[in-house]
2 protein chains.
Amino acid sequence: MSARDKHNRQGRYAAPAGDFEDRLQASGLRMTPHREHVFSVVCRELDHPTAEQVFLKAKESMPDISMATVYNCLEKFVECELLRLVQLDRGATRYCPNMHDHSHYYCESCGDVFDVDFDRRKLRQVLDLPQGAIPMGYEVAVRGLCPSCREEQTEDISPNQSKLQPN
Amino acid sequence: MSARDKHNRQGRYAAPAGDFEDRLQASGLRMTPHREHVFSVVCRELDHPTAEQVFLKAKESMPDISMATVYNCLEKFVECELLRLVQLDRGATRYCPNMHDHSHYYCESCGDVFDVDFDRRKLRQVLDLPQGAIPMGYEVAVRGLCPSCREEQTEDISPNQSKLQPN
DNA sequence: TTTTTGAATTAGAATTATTCTAAATCTTGA
DNA sequence: TCAAGATTTAGAATAATTCTAATTCAAAAA
């Protein structure tokens, strides 16, 4: 089961229809079988995959595709705003097809990553930005327990004994 | 001029006094000249430096220190919560001695990184967290123009002609 | 249609940041 | 003083990514 299914969050992506080709062409890029396939892997098959995960999945139905092509595709998709980079820690960069404002919730127990929405204007108000700054984009990551892992960890102990300190 | 000076933000660090030694000892670590020096470099000499920047600066007054020691020190400091990791993009990991809740503002024009405070409870309210999740920590990065770079870019054109879209 | 031009793909080399390893050195407590 | 273990170190190894240069492919021009 994918993280998206498990956490029961609706996927909302930038390119539901022919938008994919439009965005490529707007950047002077061609739509190719490789690009279509790589993009579909990121969108449909996995959640926030790394380049290597995309490569392995893409190879299943396109065995001759190379790692270099996967990297090239992903880089171009980021340039034409079909994907965003997600850098949760020192590890490999992940790719995210949800181009709406959202944060990434990383469960420290199961390792899943899922999207959590926020309102950009409200987020801005929470930040004590210096006068004159022009914020253009926000990247928010949350670490903690996801609902299913929290349930596992609390089902054996009574609520009052829980050491979990939500904040 | 350091980013901290330029952006005129007060530095507030976890270990102003003898807290440094206490935190090391609480994790079973010794206070050594190398550790003291590396920590002081991160705290006083640079803002959000990478391991390599710390190494180069530390070498100035301790020429025999090795890169391995710098990495070891930084890793231990993160473990005993004297420093936090900051991963702004694919590049090298940065280290931050401000252990209070805050976000990192990255200026896309000059490349400086400075701290921006937020209220943890308010941030939590802005996020549409799923029922049952237990958030433990937040990492917020903002990209945009810092006040000085914004001034440079707008001083030649009238305010109405500005293409800048703050949000 | 053929040619030309440049984009896309590729394998493998190179690079970058980081981690690992094993030896030497230093500290502390017995 | 000795033993145990922590610290430091150089350099090797690793992981992720980027670069390079050759090849293939596709669209526009002739």
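Lettering follows sequence order; numbering is per chain, from 1. None of the values given here were measured: they were computed from a predicted structure.
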Visitor: Go nucleotide by nucleotide along DNA chain C from the 5' end; which of B/Pro33 and A/Pro33 gets its closest nucleotide reached first?
Guide: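 Nearest-nucleotide comparison on DNA chain C picks A/Pro33.
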
Visitor: B/Glu139 and side chain to side chain donor-acceptor pair (under 3.5 Å): which single residue from A/His104, A/Arg143, A/Gln87 fits?
Guide: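 Only one of A/His104, A/Arg143, A/Gln87 forms a side chain to side chain donor-acceptor pair (under 3.5 Å) with B/Glu139, namely A/Arg143.
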
Visitor: Verify the neighbour count for atom CD of B/Gln25: are there more than 12 heavy atoms of other residues, nucleotides or ligands below 6.0 Å?
Guide: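 Enclosed: over 12 neighbouring heavy atoms sit under 6.0 Å from CD of B/Gln25.
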
Visitor: Grab the CD-P distance between A/Glu36 and C/dA8 for me, whole Å please.
Guide: 14 Å

Visitor: Rounded to the Å, how far apart are B/Arg30 CZ and D/dT7 P?
Guide: 5 Å

Visitor: Give the rounded distance in Å between these two atoms: CZ of A/Phe77 and P of C/dA8.
Guide: 11 Å

Visitor: Can you establish whether the number of heavy atoms outside B/Glu52 located under 6.0 Å from its atom CD is more than 12?
Guide: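 Result for CD/B/Glu52: open.
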
Visitor: Without decimals, in angstroms, what is the distance between A/Leu74 CG and C/dA8 P?
Guide: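 Answer to the nearest Å: 15 Å.
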
Visitor: Mapping A/Ala68 and B/Glu52 to their closest nucleotides on DNA chain C, which lands nearer the 5' end?
Guide: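 Residue closer to the 5' terminus by nearest nucleotide: A/Ala68.
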
Visitor: Which nucleotide in the list C/dT18, C/dT9, D/dT8 gets nearest to the side chain of A/Asn72?
Guide: C/dT9

Visitor: For C/dT9, does either OP1 or OP2 sit under 4.0 Å from a side-chain N or O belonging to A/Thr32?
Guide: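 For C/dT9, OP1/OP2 do have a side-chain N/O of A/Thr32 under 4.0 Å.
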
Visitor: Choosing from D/dT8, C/dT9, C/dA17, which nucleotide comes nearest the side chain of A/His34?
Guide: C/dT9

Visitor: I want to confirm an ordering. Mapping B/Arg35 and B/Ser66 to their closest nucleotides on DNA chain D, which one lands closer to the 5' end?
Guide: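 Nearer the 5' end of the strand: B/Arg35.
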
Visitor: Rounding to an integer number of Å, can you tell me how far B/Phe55 CZ sits from D/dA10 C1'?
Guide: 11 Å

Visitor: Please pick, from C/dA8, D/dT18, D/dT9, the nucleotide with the shortest atom-to-atom distance to any side-chain atom of A/Leu29.
Guide: C/dA8

Visitor: Counting only side-chain N and O atoms of B/Arg90, is one of them less than 4.0 Å from OP1 or OP2 of C/dA17?
Guide: no

Visitor: Find the distance A/Ile65:CD1 to C/dA11:C1' and express it as a whole number of Å.
Guide: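 The distance from CD1 of A/Ile65 to C1' of C/dA11 comes to 14 Å, rounded to the nearest Å.
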
Visitor: Taking only N and O in the side chain of A/Thr93, is any of them less than 4.0 Å away from OP1 or OP2 of D/dA16?
Guide: no

Visitor: Whole angstrom is fine here: how far is it from NZ in B/Lys76 over to P in D/dA6?
Guide: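 It works out to 10 Å between those atoms.
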
Visitor: Nearest 0.5 angstrom please: A/Arg84 CZ to A/His102 NE2, how far?
Guide: 5.0 Å

Visitor: Counting side-chain heavy atoms from CB outward, which of D/dT17, C/dT18, D/dT9 is closest to B/Thr69?
Guide: D/dT9

Visitor: Go through the steps for B/Asp112 and B/His48 under the test side-chain hydrogen bond (donor to acceptor under 3.5 Å, both in side chains), then give the verdict.
Guide: CA-CA 9 Å; B/Asp112 279 354; B/His48 307 96; over 6 Å; no

Visitor: Quick one: on DNA chain D, does A/Tyr95 or B/Met67 contact a more 5' nucleotide (nearest heavy atom)?
Guide: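 The residue mapped nearer the 5' terminus is B/Met67.
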
Visitor: For the pair made of NZ in B/Lys59 and C1' in D/dT8, what is the distance, rounded to whole Å?
Guide: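 Spelled out: NZ on B/Lys59 to C1' on D/dT8 is 14 Å.
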
